[in-house]
Protein chains: 2
Amino acid sequence: MTPIAKLRALDEVVDAIAHPARRQILLTLHFRGGSATAGELAARFEHAWPTTTRHLRVLEDAGLLRHERRGRTRVYTLDRERLGLVTEWLGWFAT
Amino acid sequence: MTPIAKLRALDEVVDAIAHPARRQILLTLHFRGGSATAGELAARFEHAWPTTTRHLRVLEDAGLLRHERRGRTRVYTLDRERLGLVTEWLGWFAT
DNA sequence: CAGACATTTAGCGATTTCGCTAGATGTCGT
DNA sequence: ACGACATCTAGCGAAATCGCTAAATGTCTG
(Lines give C-alpha, C1' and ligand atoms only; values in the text may rest on other atoms or scores of the structure.)
Protein backbone atom coordinates (compact mmCIF):
# COMPACT_ATOMS: atom_id res chain seq x y z
CA MET A 1 0.00 0.00 0.00
CA THR A 2 1.52 3.32 -1.09
CA PRO A 3 1.80 5.97 1.64
CA ILE A 4 -0.85 8.06 -0.08
CA ALA A 5 -3.25 5.14 -0.32
CA LYS A 6 -2.57 4.47 3.31
CA LEU A 7 -3.46 8.01 4.29
CA ARG A 8 -6.66 7.78 2.31
CA ALA A 9 -7.48 4.45 3.92
CA LEU A 10 -6.89 5.88 7.39
CA ASP A 11 -9.18 8.76 6.56
CA GLU A 12 -11.96 6.41 5.47
CA VAL A 13 -11.57 4.22 8.52
CA VAL A 14 -11.57 7.09 11.00
CA ASP A 15 -14.58 8.59 9.25
CA ALA A 16 -16.32 5.23 9.40
CA ILE A 17 -15.84 4.77 13.14
CA ALA A 18 -16.81 8.37 13.84
CA HIS A 19 -20.50 7.47 14.02
CA PRO A 20 -21.81 5.72 17.14
CA ALA A 21 -24.13 3.44 15.20
CA ARG A 22 -21.24 2.26 13.07
CA ARG A 23 -19.07 1.57 16.11
CA GLN A 24 -21.98 -0.38 17.51
CA ILE A 25 -22.22 -2.45 14.35
CA LEU A 26 -18.55 -3.33 14.56
CA LEU A 27 -18.81 -4.34 18.20
CA THR A 28 -21.94 -6.37 17.55
CA LEU A 29 -20.21 -8.25 14.80
CA HIS A 30 -17.20 -8.83 16.98
CA PHE A 31 -19.19 -10.30 19.85
CA ARG A 32 -21.23 -12.45 17.50
CA GLY A 33 -18.06 -14.11 16.40
CA GLY A 34 -17.38 -11.84 13.45
CA SER A 35 -20.47 -12.38 11.30
CA ALA A 36 -24.17 -11.55 11.25
CA THR A 37 -26.91 -11.04 8.71
CA ALA A 38 -28.13 -7.57 7.77
CA GLY A 39 -31.38 -8.32 9.56
CA GLU A 40 -29.70 -9.28 12.81
CA LEU A 41 -27.69 -6.09 12.71
CA ALA A 42 -30.59 -3.85 11.73
CA ALA A 43 -32.65 -5.31 14.57
CA ARG A 44 -30.23 -3.87 17.10
CA PHE A 45 -31.08 -0.30 16.13
CA GLU A 46 -34.14 1.86 16.28
CA HIS A 47 -33.20 3.32 12.93
CA ALA A 48 -35.19 2.36 9.88
CA TRP A 49 -33.55 -0.48 8.06
CA PRO A 50 -32.23 1.51 5.09
CA THR A 51 -30.38 3.72 7.52
CA THR A 52 -28.47 0.72 8.81
CA THR A 53 -27.93 -0.46 5.25
CA ARG A 54 -26.17 2.79 4.52
CA HIS A 55 -24.01 2.54 7.61
CA LEU A 56 -23.03 -0.96 6.48
CA ARG A 57 -22.03 0.45 3.13
CA VAL A 58 -19.81 3.10 4.70
CA LEU A 59 -18.10 0.45 6.80
CA GLU A 60 -17.65 -1.82 3.83
CA ASP A 61 -16.23 0.98 1.67
CA ALA A 62 -13.73 1.65 4.43
CA GLY A 63 -12.68 -1.99 4.25
CA LEU A 64 -13.89 -2.85 7.74
CA LEU A 65 -16.56 -5.27 6.51
CA ARG A 66 -17.14 -7.75 3.73
CA HIS A 67 -20.42 -9.32 2.73
CA GLU A 68 -21.50 -12.44 0.97
CA ARG A 69 -24.91 -13.42 -0.32
CA ARG A 70 -26.37 -16.46 1.39
CA GLY A 71 -29.72 -17.25 -0.12
CA ARG A 72 -31.98 -14.30 0.42
CA THR A 73 -29.94 -12.99 3.31
CA ARG A 74 -26.66 -11.14 3.35
CA VAL A 75 -24.00 -12.11 5.80
CA TYR A 76 -21.66 -9.33 6.85
CA THR A 77 -18.27 -10.25 8.20
CA LEU A 78 -15.94 -8.09 10.23
CA ASP A 79 -12.51 -7.41 8.79
CA ARG A 80 -10.42 -6.17 11.70
CA GLU A 81 -7.30 -5.54 9.68
CA ARG A 82 -7.86 -1.91 8.80
CA LEU A 83 -8.54 -1.00 12.39
CA GLY A 84 -4.80 -1.42 12.66
CA LEU A 85 -4.36 1.80 10.71
CA VAL A 86 -5.91 3.70 13.59
CA THR A 87 -3.85 1.86 16.16
CA GLU A 88 -0.79 2.67 14.13
CA TRP A 89 -1.72 6.34 13.96
CA LEU A 90 -2.28 6.48 17.70
CA GLY A 91 1.15 4.91 18.07
CA TRP A 92 2.77 8.19 17.11
CA PHE A 93 1.67 9.59 20.42
CA ALA A 94 3.05 6.82 22.54
CA THR A 95 4.72 8.51 25.44
CA MET B 1 -15.87 9.10 34.81
CA THR B 2 -19.31 7.50 34.59
CA PRO B 3 -19.75 5.01 31.75
CA ILE B 4 -22.14 7.36 30.00
CA ALA B 5 -19.73 10.28 30.26
CA LYS B 6 -17.06 8.00 28.94
CA LEU B 7 -19.13 7.09 25.91
CA ARG B 8 -19.80 10.74 25.22
CA ALA B 9 -16.13 11.54 25.58
CA LEU B 10 -15.18 8.76 23.18
CA ASP B 11 -17.67 10.13 20.71
CA GLU B 12 -16.19 13.61 20.91
CA VAL B 13 -12.66 12.33 20.57
CA VAL B 14 -13.39 10.12 17.58
CA ASP B 15 -15.28 12.96 15.95
CA ALA B 16 -12.38 15.28 16.62
CA ILE B 17 -9.78 13.05 15.01
CA ALA B 18 -12.06 12.33 12.05
CA HIS B 19 -10.81 15.41 10.19
CA PRO B 20 -7.39 15.30 8.53
CA ALA B 21 -6.53 18.87 9.49
CA ARG B 22 -7.24 18.10 13.12
CA ARG B 23 -5.11 14.97 13.04
CA GLN B 24 -2.38 17.11 11.51
CA ILE B 25 -2.67 19.62 14.33
CA LEU B 26 -2.26 16.89 16.92
CA LEU B 27 0.79 15.45 15.17
CA THR B 28 2.33 18.88 14.74
CA LEU B 29 1.92 19.58 18.41
CA HIS B 30 3.39 16.22 19.29
CA PHE B 31 6.51 16.72 17.21
CA ARG B 32 6.98 20.24 18.50
CA GLY B 33 7.25 18.83 21.98
CA GLY B 34 3.60 19.19 22.85
CA SER B 35 3.04 22.93 22.53
CA ALA B 36 2.78 25.61 19.88
CA THR B 37 1.11 28.97 19.41
CA ALA B 38 -2.04 29.36 17.35
CA GLY B 39 0.00 31.21 14.74
CA GLU B 40 2.55 28.43 14.38
CA LEU B 41 -0.21 25.92 13.92
CA ALA B 42 -2.24 28.04 11.52
CA ALA B 43 0.87 28.60 9.41
CA ARG B 44 1.03 24.91 8.61
CA PHE B 45 -2.28 25.00 6.75
CA GLU B 46 -3.53 26.65 3.63
CA HIS B 47 -6.82 27.25 5.34
CA ALA B 48 -7.71 30.72 6.43
CA TRP B 49 -6.77 31.31 10.01
CA PRO B 50 -10.30 31.27 11.48
CA THR B 51 -10.77 27.82 10.01
CA THR B 52 -7.84 26.55 12.03
CA THR B 53 -9.14 28.38 15.07
CA ARG B 54 -12.34 26.39 14.81
CA HIS B 55 -10.49 23.10 14.47
CA LEU B 56 -8.57 24.02 17.60
CA ARG B 57 -11.83 24.61 19.39
CA VAL B 58 -13.18 21.21 18.40
CA LEU B 59 -10.02 19.54 19.65
CA GLU B 60 -10.10 21.48 22.88
CA ASP B 61 -13.78 20.67 23.47
CA ALA B 62 -12.90 17.02 23.03
CA GLY B 63 -10.27 17.40 25.74
CA LEU B 64 -7.34 16.75 23.44
CA LEU B 65 -5.89 20.23 23.84
CA ARG B 66 -5.58 22.92 26.45
CA HIS B 67 -4.60 26.53 25.91
CA GLU B 68 -3.11 29.28 27.95
CA ARG B 69 -2.75 32.97 27.15
CA ARG B 70 0.84 34.14 26.93
CA GLY B 71 0.87 37.85 26.21
CA ARG B 72 -0.86 38.39 22.94
CA THR B 73 -0.34 34.84 21.78
CA ARG B 74 -2.11 31.67 22.75
CA VAL B 75 -0.14 28.56 23.44
CA TYR B 76 -1.94 25.30 22.75
CA THR B 77 -0.77 22.20 24.52
CA LEU B 78 -1.48 18.62 23.59
CA ASP B 79 -3.28 16.47 26.13
CA ARG B 80 -2.71 12.89 25.04
CA GLU B 81 -4.78 11.33 27.75
CA ARG B 82 -8.11 11.14 25.98
CA LEU B 83 -6.55 9.48 22.98
CA GLY B 84 -6.47 6.52 25.33
CA LEU B 85 -10.24 6.24 24.99
CA VAL B 86 -9.79 5.34 21.34
CA THR B 87 -7.01 2.89 22.10
CA GLU B 88 -9.24 1.34 24.70
CA TRP B 89 -12.13 1.04 22.26
CA LEU B 90 -9.88 -0.57 19.68
CA GLY B 91 -8.81 -2.97 22.39
CA TRP B 92 -12.16 -4.74 22.19
CA PHE B 93 -11.13 -6.09 18.84
CA ALA B 94 -7.81 -7.48 19.93
CA THR B 95 -7.64 -10.91 18.38
C1' DC C 1 -3.22 57.06 23.67
C1' DA C 2 -2.60 55.24 18.84
C1' DG C 3 -1.51 51.98 15.98
C1' DA C 4 0.28 47.32 15.02
C1' DC C 5 -0.09 42.53 16.16
C1' DA C 6 -2.07 37.84 17.44
C1' DT C 7 -6.00 35.73 17.62
C1' DT C 8 -10.98 34.98 18.12
C1' DT C 9 -16.05 35.53 17.17
C1' DA C 10 -19.90 36.15 14.01
C1' DG C 11 -22.24 34.70 10.45
C1' DC C 12 -22.83 33.34 5.35
C1' DG C 13 -23.01 29.69 1.58
C1' DA C 14 -21.77 25.17 -0.34
C1' DT C 15 -21.47 20.53 0.64
C1' DT C 16 -22.05 16.40 3.26
C1' DT C 17 -24.39 13.53 6.52
C1' DC C 18 -28.21 11.18 8.37
C1' DG C 19 -32.69 10.00 9.08
C1' DC C 20 -36.84 8.87 6.57
C1' DT C 21 -40.42 6.70 3.06
C1' DA C 22 -41.36 4.48 -1.26
C1' DG C 23 -40.23 1.42 -4.52
C1' DA C 24 -36.96 -2.07 -6.72
C1' DT C 25 -34.44 -6.58 -6.60
C1' DG C 26 -33.48 -11.13 -5.90
C1' DT C 27 -34.74 -15.62 -3.53
C1' DC C 28 -37.55 -19.13 -1.38
C1' DG C 29 -41.68 -22.10 -0.73
C1' DT C 30 -45.91 -23.79 -2.76
C1' DA D 1 -45.67 -18.75 -11.70
C1' DC D 2 -47.12 -16.25 -7.15
C1' DG D 3 -46.76 -14.38 -3.01
C1' DA D 4 -43.88 -13.79 1.05
C1' DC D 5 -39.43 -12.60 2.61
C1' DA D 6 -34.79 -10.27 3.15
C1' DT D 7 -32.55 -6.64 1.69
C1' DC D 8 -31.09 -2.81 -1.22
C1' DT D 9 -31.50 1.61 -4.07
C1' DA D 10 -33.46 6.17 -4.94
C1' DG D 11 -34.22 10.34 -3.53
C1' DC D 12 -36.11 13.88 -0.19
C1' DG D 13 -35.52 17.22 3.79
C1' DA D 14 -33.31 18.71 8.09
C1' DA D 15 -29.24 19.44 10.33
C1' DA D 16 -24.28 19.54 10.77
C1' DT D 17 -19.71 20.57 8.87
C1' DC D 18 -16.29 23.32 6.70
C1' DG D 19 -14.46 26.83 4.25
C1' DC D 20 -14.62 31.78 3.76
C1' DT D 21 -14.66 37.17 4.83
C1' DA D 22 -15.50 40.90 7.99
C1' DA D 23 -15.36 42.64 12.32
C1' DA D 24 -14.27 42.31 17.36
C1' DT D 25 -11.00 41.55 21.30
C1' DG D 26 -7.09 41.94 23.92
C1' DT D 27 -2.03 43.09 24.23
C1' DC D 28 2.28 45.17 23.16
C1' DT D 29 5.15 49.29 21.59
C1' DG D 30 6.30 53.93 20.72
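Naming: A, B, ... by sequence-line order, numbering from 1 per chain.
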Visitor: Name the residue closer to the 5' end of DNA chain C, choosing between A:Ala48 and A:Gly71 according to the nucleotide with the nearest heavy atom.
Guide: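 Mapping each residue to its closest nucleotide by heavy atoms, the 5'-most match is A:Ala48.
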
Visitor: Take the protein atom CD of A:Glu46 and the nucleotide atom C1' of C:dC18, then report the distance between them rounded to whole Å.
Guide: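 These atoms are roughly 16 Å apart.
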
Visitor: What is the distance from CZ of A:Phe45 to P of C:dC18, rounded to the nearest Å?
Guide: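 Whole-Å distance recorded here is 13 Å.
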
Visitor: How are the rings of A:Tyr76 and A:His67 set relative to one another: parallel (under 30°), tilted (30 to 60°) or perpendicular (over 60°)?
Guide: tilted

Visitor: Spell out protein contact along nucleotides 5-10 of chain C as letters: B when the base is contacted, S when just the sugar-phosphate is, - when no protein heavy atom is under 4.0 Å; keep the 5' to 3' order.
Guide: BSSBB-

Visitor: If I take atom CD1 in residue A:Ile17 and atom C1' in nucleotide C:dT17, what distance separates them, rounded to the nearest angstrom?
Guide: 17 Å

Visitor: Considering every strand and a 4.0 Å limit on heavy-atom distances, what is the contact class for B:Arg70: base, sugar-phosphate, or nothing?
Guide: nothing

Visitor: Please report, rounded to the nearest Å, how far the P atom of C:dT17 is from the CG atom of A:Asp61.
Guide: 12 Å

Visitor: Would you kindly give the CG-to-C1' distance between B:Asp15 and C:dT16, to the nearest whole Å?
Guide: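 Rounded to whole Å, this separation is 14 Å.
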
Visitor: Is the gap between the ring centers of B:Phe45 and B:Trp49 under 6.0 Å?
Guide: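 No, ring centres 6.0 Å or more apart.
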
Visitor: Take atom NE2 of A:His55 and atom P of D:dT9, then tell me their distance rounded to the nearest Å.
Guide: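 In whole Å, D:dT9 P and A:His55 NE2 are 15 Å from each other.
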
Visitor: Give a yes or no answer on whether the side chain of A:Arg80 reaches the backbone of A:Leu64 with a donor-acceptor pair at less than 3.5 Å.
Guide: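 Not at all, since once roles are kept as given, no pair shorter than 3.5 Å links the two residues.
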
Visitor: Quick one: do B:Leu27 and B:Leu41 end up in the same hydrophobic cluster if we chain Ile, Leu, Val, Met, Phe, Trp and Tyr together by side-chain heavy atoms under 4.5 Å apart?
Guide: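 In one cluster with B:Leu27: B:Leu41, yes.
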
Visitor: Using whole Å, report how far NE2 of B:His19 lies from P of D:dA16.
Guide: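 Distance, rounded to whole Å: 18 Å.
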
Visitor: Keeping the roles fixed (side chain from A:His30, backbone from A:Leu78), state whether a donor-acceptor pair exists under 3.5 Å.
Guide: no

Visitor: For the pair made of CZ in A:Arg69 and P in C:dT27, what is the distance, rounded to whole Å?
Guide: 7 Å

Visitor: Under the 3.5 angstrom rule, does the side chain of B:His55 hit a backbone N or O of B:Ala21 as a donor-acceptor pair?
Guide: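 Between the backbone of B:Ala21 and the side chain of B:His55 there is no qualifying donor-acceptor contact (under 3.5 Å).
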
Visitor: Examine distances only and state if a side-chain atom of A:Arg22 and a backbone atom of A:Asp15 form a donor-acceptor pair shorter than 3.5 Å.
Guide: yes

Visitor: What residues in residues 27-36 of chain A put a non-hydrogen atom under 4.0 Å from any atom of DNA chain D?
Guide: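 Listed by number, there are none.
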
Visitor: Are any side-chain N or O atoms of A:Glu40 and backbone N or O atoms of A:Thr37, one a donor and one an acceptor, separated by less than 3.5 Å?
Guide: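 Looks like yes, one N/O pair under 3.5 Å.
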
Visitor: Indicate, with yes or no, if A:Phe31 and B:Phe93 share a hydrophobic cluster defined by side-chain heavy-atom contacts under 4.5 Å among Ile, Leu, Val, Met, Phe, Trp and Tyr.
Guide: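 B:Phe93 and A:Phe31: one cluster.
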
Visitor: Measuring to OP1 and OP2 of D:dC18, would you say a side-chain N or O of B:Thr51 lies under 4.0 angstrom away?
Guide: no

